[in-house]
Amino acid sequence: MSDCEWMFGDAASGSVGFTELAHLNPLRWSGPTSFEKAIHDLEEALKKGSRPILVKVPPGVSTTAQRFETIEQAIAYLQGEDPAELVRKQDAGRNEHVAVNFPPRTSANDAAARANKNELLDVLSEVKTRVQDKLGIVDFPMPQFVLIGSQSVGKSRLVESFAGEQFNFISGTLGSRRPTVLEFRNVATATESKWSVLDTQTNQWQHHPTQQVMEIVGEAHNKLGHSVSAEAIHVRVESNKCVDMQIVDLPGYRGFAQNESGKLLAQQIEQLNMSFLCDPRNVILCVEESGDAANLSSLRRVTDCDPEYQRTILVRNKLDKYYDDLSSDNVNKWLEGYGDLPKNLTKFAMTLPHWSEGAPPPAKLSEMRDEMDRKDLNKMAQLGANKKFLGMVGYGNFAAYMEMRTERMFVEAIGPVLTKLRDLEQSMDQREHELKDELEDSDPHQMLSTVRACGM
C-alpha cells in the first residue's frame, strides 16, 4: 500500500553525496511508497549525514509537504504516521522512547487543536491556583513538572530553551530561594513574547515588560535573605518560540557553603525540594551534566521518593563536551548509561545553548537551541547510534516528548479534578446551610422568642 512520498529538502541547492544516493532519486519526489520503504530509504540516506527532508502524507499533488530540518525528524514523523509502527510502539510498552519532533502545522485544524490545548492548560492552571494554592487543599489531583538540579549544570538554560529566549531572573548571589512556577504558551501568531506575573492579591495576570518581570521575580527571591519559602511566584510566557507546558523551577542545590548561614540555606533548600519530590502528583525533571552516569548527585536525591523512576525524567546536558569521548563502539552504551542508569528511566542527552561567560549570546537563543539540536543529532547519527537511542538525543526530541506528556497528564487529570470540584461544591453547600442555621440560632430576636417559649 502507498502511504507517503519524500524528497531531499535541499535538492534545489545541490546535493551532497549525490553519487552515493543516486538510487534514492534525491532531486525529485520518490513517488507513492509505503511507510516501511520510505523509512528504510531515509535510514540509508542518514548514513551519509543528515539533511532537510520534505514529506507528503498521503502522497500526491494535493497534499502539502511537511519540511523537516533533519532526516531523523522525518523518520520520527513517518513512524508516528505509520499505523503498523503505532501498534509496535503500543506493544513495546510505556518505556519505549519515541522521537516525535514534528514541525509546526499550519492548517486550520492544527491551529484550532493548539488553541484548544492552550485553553485547557489555562483553565487547569487557574483551577490549581485558585483552589489548590489558595485553599490549601493538599490532596487536589493536579499534576505538574518540577525542575531540579545543582547550580551550574544548565538548569536555567533549559528554562530559557523552553521559553525560546534568553533572560535572567535577578536573584542576587544567593540564587533562587522559592519555587518559580513558569507557564509557557505557544502562540503561533505572536510577533514578540509577552510576559506576565500573577498578582496574588487580585489573582489576575498582570502584563509587564520583560525586564520588569525579571526584577519582580528577583525581588521575590531577594527579600527572603538567607531563608527559603514554599510560596511560589507565578510567571507566564506567551511566544511563538516556546513550548506548551508548565513547570515549577525549584532552587538549585548548593555544592559548597563557606559559612554557617550558607550551610543552613543549603539544608533548607534540600528540605523544600524534597517536599516536592515526594509528592506523588509531581513529575520530576532532573538536570545533570552529561558524563559519568554513576555520579549524578541530583538523581540520587530522587531515589528515596521515586525508587522505580516512574515519574522521573533525566536530562543530561552539555553533550558536546563529550563528543570526543564517543565512538561507533561505545555511543549506544554511553547513551544508555553504561548500565549505571536504570533501563526504565526516561532519559535524554542534549546540548543546550552556551557561550563565553560575560559575553552576549552570538545569536538568538531559539536559533542556537535549534542549531545545537541539529549538531547533537548529526553527531550521534554519524557515530552510528541505534535508532532507538537517537530518540533520546537532542532538545527537539525532548521538547516534543514533554509537550506530549504534558497534554496526556492534564487530560488524565480532568476526570479527578472535576470529581474533586464536585465534592468541594457539595461540602461548601453543606457548610453554607450549617452557617445559615447557626446564624438563625444566634439571632437575638430568635433567641428571645425561644427563651419566652421555654418560660411559658
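Along the sequence shown, the residues carry numbers beginning at 1. Note: hydrogens, waters and symmetry copies are ignored here, and every other heavy atom, side chains too, is used.
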**Message:** Can you give me the closest heavy-atom contact between R177 and L224, atom names plus distance?
**Reply:** O-CD1, 3.5 Å
**Prompt:** Looking only at atom types and distance, does a side-chain atom of Q166 sit under 3.5 Å from a main-chain N or O of K364, one as donor and one as acceptor?
**Reply:** no
**Prompt:** Say you draw a straight line from CD of E260 to NE2 of H226; how long is it, rounded to the nearest 0.5 Å?
**Reply:** 12.0 Å
**Message:** Is it the case that over 12 heavy atoms from other parts of the model lie below 6.0 angstrom from the CD atom of E231?
**Reply:** no
**Message:** Do L54 and K56 make a side-chain contact, defined as non-hydrogen atoms from C-beta onward lying under 4.5 Å apart?
**Reply:** no
**Side chain K155, main chain L250, donor-acceptor under 3.5 Å** = yes
**Item:** side-chain contact (heavy atoms from CB on, under 4.5 Å) between N203 and L198, intermediate numbers included
**Value:** CA-CA 6 Å; N203 212 34; L198 184 68; 4.1 Å; yes
**Prompt:** Side-chain donor-acceptor pair under 3.5 Å between R300 and N295, yes or no?
**Reply:** no
**Item:** Beyond-backbone contact of M372 with M368, side-chain heavy atoms, under 4.5 angstrom
**Value:** yes
**Message:** Set out, in order, the CA-CA distance, both residues' side-chain angles and the distance that settles side-chain contact (heavy atoms from CB on, under 4.5 Å) for E219 and E215, then state yes or no.
**Reply:** CA-CA 6 Å; E219 175 58 24; E215 295 170 358; over 6 Å; no
**Request:** Output the distance between atom CG (N282) and atom CD (Q144), rounded to the nearest 0.5 Å.
**Result:** 4.5 Å
**Message:** Show the nearest heavy-atom pair for residues A190 and N240, with the distance to one decimal.
**Reply:** O-ND2, 3.0 Å
**Prompt:** Is there side-chain contact between L299 and L345, with at least one heavy-atom pair below 4.5 Å?
**Reply:** yes
**Asked** From I148 CD1 over to I269 CD1, what is the distance, rounded to the nearest 0.5 angstrom?
**Response** 13.0 Å
**Message:** Within the 4.5 Å heavy-atom criterion, are L285 and M402 side-chain neighbours or not?
**Reply:** yes
**Asked** What is the minimum heavy-atom distance between K347 and P342, and which atoms define it?
**Response** NZ-O, 3.2 Å
**Request:** Give me the ring orientation class for F348 and F398: parallel if the planes are under 30° apart, tilted from 30 to 60°, perpendicular past 60°.
**Result:** perpendicular
**Request:** Go through the side-chain N and O atoms of D376 and Y323 and say whether any donor and acceptor fall under 3.5 Å apart.
**Result:** yes
**Request:** For R185 and E183, run salt bridge (charged side-chain N to carboxylate O under 4.0 Å, His left out): C-alpha distance rounded to whole Å, both residues' side-chain angles, the deciding distance at 0.1 Å, then the answer.
**Result:** CA-CA 7 Å; R185 298 291 182 269; E183 300 186 14; 3.2 Å; yes
**Asked** Hey, is the main chain of Y395 close enough, under 3.5 Å, to the side chain of D373 for a donor-acceptor pair?
**Response** yes
**Fill in**
Interatomic distance, CG@L277 vs CD1@I284, rounded to 0.5 Å, equals 4.5 Å
**Asked** Would a distance-only check, ignoring hydrogens and angles, find a side-chain to backbone donor-acceptor pair under 3.5 Å from E336 to K343?
**Response** no
**Message:** Are more than 12 heavy atoms, taken from residues, nucleotides or ligands other than K375, located less than 6.0 Å from that residue's NZ atom?
**Reply:** no
**Asked** Would you say the side-chain atoms of N397 pair up with the backbone N or O of L390, donor to acceptor, closer than 3.5 Å?
**Response** yes
**Item:** Polar side-chain atom of T351 near backbone of D320 as donor-acceptor pair, under 3.5 Å
**Value:** yes
**Request:** Output yes when E160 and R369 qualify as a salt bridge under the 4.0 Å nitrogen-oxygen rule, no when they do not.
**Result:** no
**Message:** A side-chain contact here means heavy atoms from C-beta on lying under 4.5 Å apart; do W334 and M380 qualify?
**Reply:** no
**Asked** Side chains of Y309 and T303: is there a donor and an acceptor less than 3.5 Å apart?
**Response** yes
**Item:** Sub-4.5 Å side-chain heavy-atom contact between P361 and P353
**Value:** no
**Over all atoms of both residues, closest heavy-atom pair of W195 and M214** = CZ3-CE, 3.6 Å
**Request:** Before giving the answer on side-chain contact (heavy atoms from CB on, under 4.5 Å), spell out for L296 and L341 the whole-Å C-alpha distance, their side-chain angles and the decisive distance to 0.1 Å.
**Result:** CA-CA 10 Å; L296 304 180; L341 297 177; 3.8 Å; yes
**Prompt:** Is there side-chain contact between I233 and T200, with heavy atoms separated by less than 4.5 Å?
**Reply:** no
**Message:** Return the CG to CD distance between L264 and Q267, rounded to the nearest 0.5 Å.
**Reply:** 6.0 Å
**Message:** On a heavy-atom basis, which atom in R301 and which in S150 lie closest, and how many Å separate them?
**Reply:** NH1-OG, 4.4 Å
**Message:** Quick one, P179 and L272 - any side-chain contact, counting heavy atoms below 4.5 Å?
**Reply:** yes
**Item:** Ring geometry between F184 and F162 (parallel below 30°, tilted from 30 to 60°, perpendicular above 60°)
**Value:** tilted
**Message:** Under a 3.5 Å distance rule, please check whether N222 uses its side chain to pair with a backbone N or O of G218 as donor and acceptor.
**Reply:** yes
**Request:** Write down the atom of L46, the atom of A381, and the distance for their closest heavy-atom approach.
**Result:** CD1-CB, 3.9 Å
**Request:** For atom NZ of K241, decide whether the heavy atoms of other residues, nucleotides or ligands shown that lie under 6.0 angstrom number more than 12.
**Result:** no
**Asked** Do Y401 and T346 pass the side-chain contact (heavy atoms from CB on, under 4.5 Å) test, and can you show the C-alpha distance, the side-chain angles, and the key distance before you say yes or no?
**Response** CA-CA 10 Å; Y401 172 84; T346 302; 3.7 Å; yes
**Message:** Under a 3.5 Å distance rule, please check whether S290 uses its side chain to pair with a backbone N or O of N317 as donor and acceptor.
**Reply:** yes
**Prompt:** Roughly how far, to the nearest 0.5 Å, is CG of D370 from CD of E367?
**Reply:** 8.0 Å
